[in-house]
Amino acid sequence: QVQLVESGGGLVQTGDSLTLSCVASGDTFSDYAMGWFRQAPGKEREFVAGITWDARHQYYADSVQGRFTISRDSAKNTVYLHVIRLEPEDTAVYYCAADRYFVPSEHRTNVDSWGHGTQVTVSS
């Protein structure tokens, strides 16, 4: 199975932009659909965005539509999550996910691999 390592989190201010990265290793990156999830303090982990194997289609949670953009770079074995206009409600640990057979989504959370997460804290 693929191993995933996230980076790019940190402490930011309301209105800032941020790009998270997730590097995949140990298997063929293009064999996996990818996704991002997040878990805020005291809440369950929730779906944020997903992208197909060939990057042709992207999917977003309603709550982040228009502010979050998922993309992938096969040459770098990396999936990105670019976020604009950050809000305090975006504070969470952000997790990268990978699956061979389906695109991670709010209905598909039993994925093959998870990263360990990267913390994003948005100050007001």
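Index from 1, following the sequence. In this text the structure is predicted, and so the values were computed from the model without any measurement.
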query = Side-chain donor-acceptor pair under 3.5 Å between Asp27 and Tyr32, yes or no?
reply = yes
request  = Identify the two heavy atoms, one from Val103 and one from Thr52, that lie closest to each other, and give their separation to 0.1 Å.
outcome  = CG2-CG2, 3.8 Å
message = I'd like to know whether Arg100 forms a salt bridge (charged side-chain N to carboxylate O under 4.0 Å, His left out) with Asp31, so could you lay out the CA-CA distance, the side-chain angles of the two residues, the decisive distance to 0.1 Å, and finally the verdict.
response = CA-CA 6 Å; Arg100 283 184 173 271; Asp31 284 349; 3.6 Å; yes
key: Any donor-acceptor N/O pair, Thr91 side chain to Glu89 backbone, under 3.5 Å   = no
key: Val2 backbone acceptor or donor facing Ser113 side chain under 3.5 Å   = yes
key: NZ or CZ of Arg108 within 45° of Phe102 ring axis and under 6.0 Å   = yes
inquiry  = A quick test of your reading: do over 12 heavy atoms of other residues, nucleotides or ligands sit less than 6.0 Å from CD of Glu44?
reply    = no
ask   = Is there side-chain contact between Leu18 and Leu86, with at least one heavy-atom pair below 4.5 Å?
value = yes
key: Geometric cation-pi criterion, Arg38 with Tyr95: 6.0 Å, 45°   = no
query = Closest heavy-atom contact between Ile70 and Tyr60?
reply = N-OH, 2.9 Å
query = For Thr19 and His82, does a side-chain donor sit closer than 3.5 Å to a side-chain acceptor?
reply = yes
ask   = Could you go step by step and tell me if Phe37 and Trp114 meet the ring pair (Phe, Tyr, Trp, His ring centres under 6.0 Å) rule?
value = CA-CA 10 Å; Phe37 291 73; Trp114 290 100; 4.9 Å; yes
Transitive ILVMFWY side-chain link Phe68 to Ile51, under 4.5 Å = yes
query = Does Met34 belong to the same Ile/Leu/Val/Met/Phe/Trp/Tyr cluster as Phe47, with side-chain heavy atoms less than 4.5 Å apart forming each link?
reply = no
request  = Give a yes/no verdict on a cation-pi contact between Arg72 and Phe29, requiring under 6.0 Å between NZ or CZ and the six-membered ring centre and an angle within 45° of the axis.
outcome  = yes
request  = Measure the shortest side-chain to side-chain distance between Ser7 and Thr118 over non-hydrogen atoms and say whether it is less than 4.5 angstrom.
outcome  = no
request  = List the atom of Val111, the atom of Ala97, and the distance in Å for their closest heavy-atom pair.
outcome  = CG2-CB, 3.9 Å
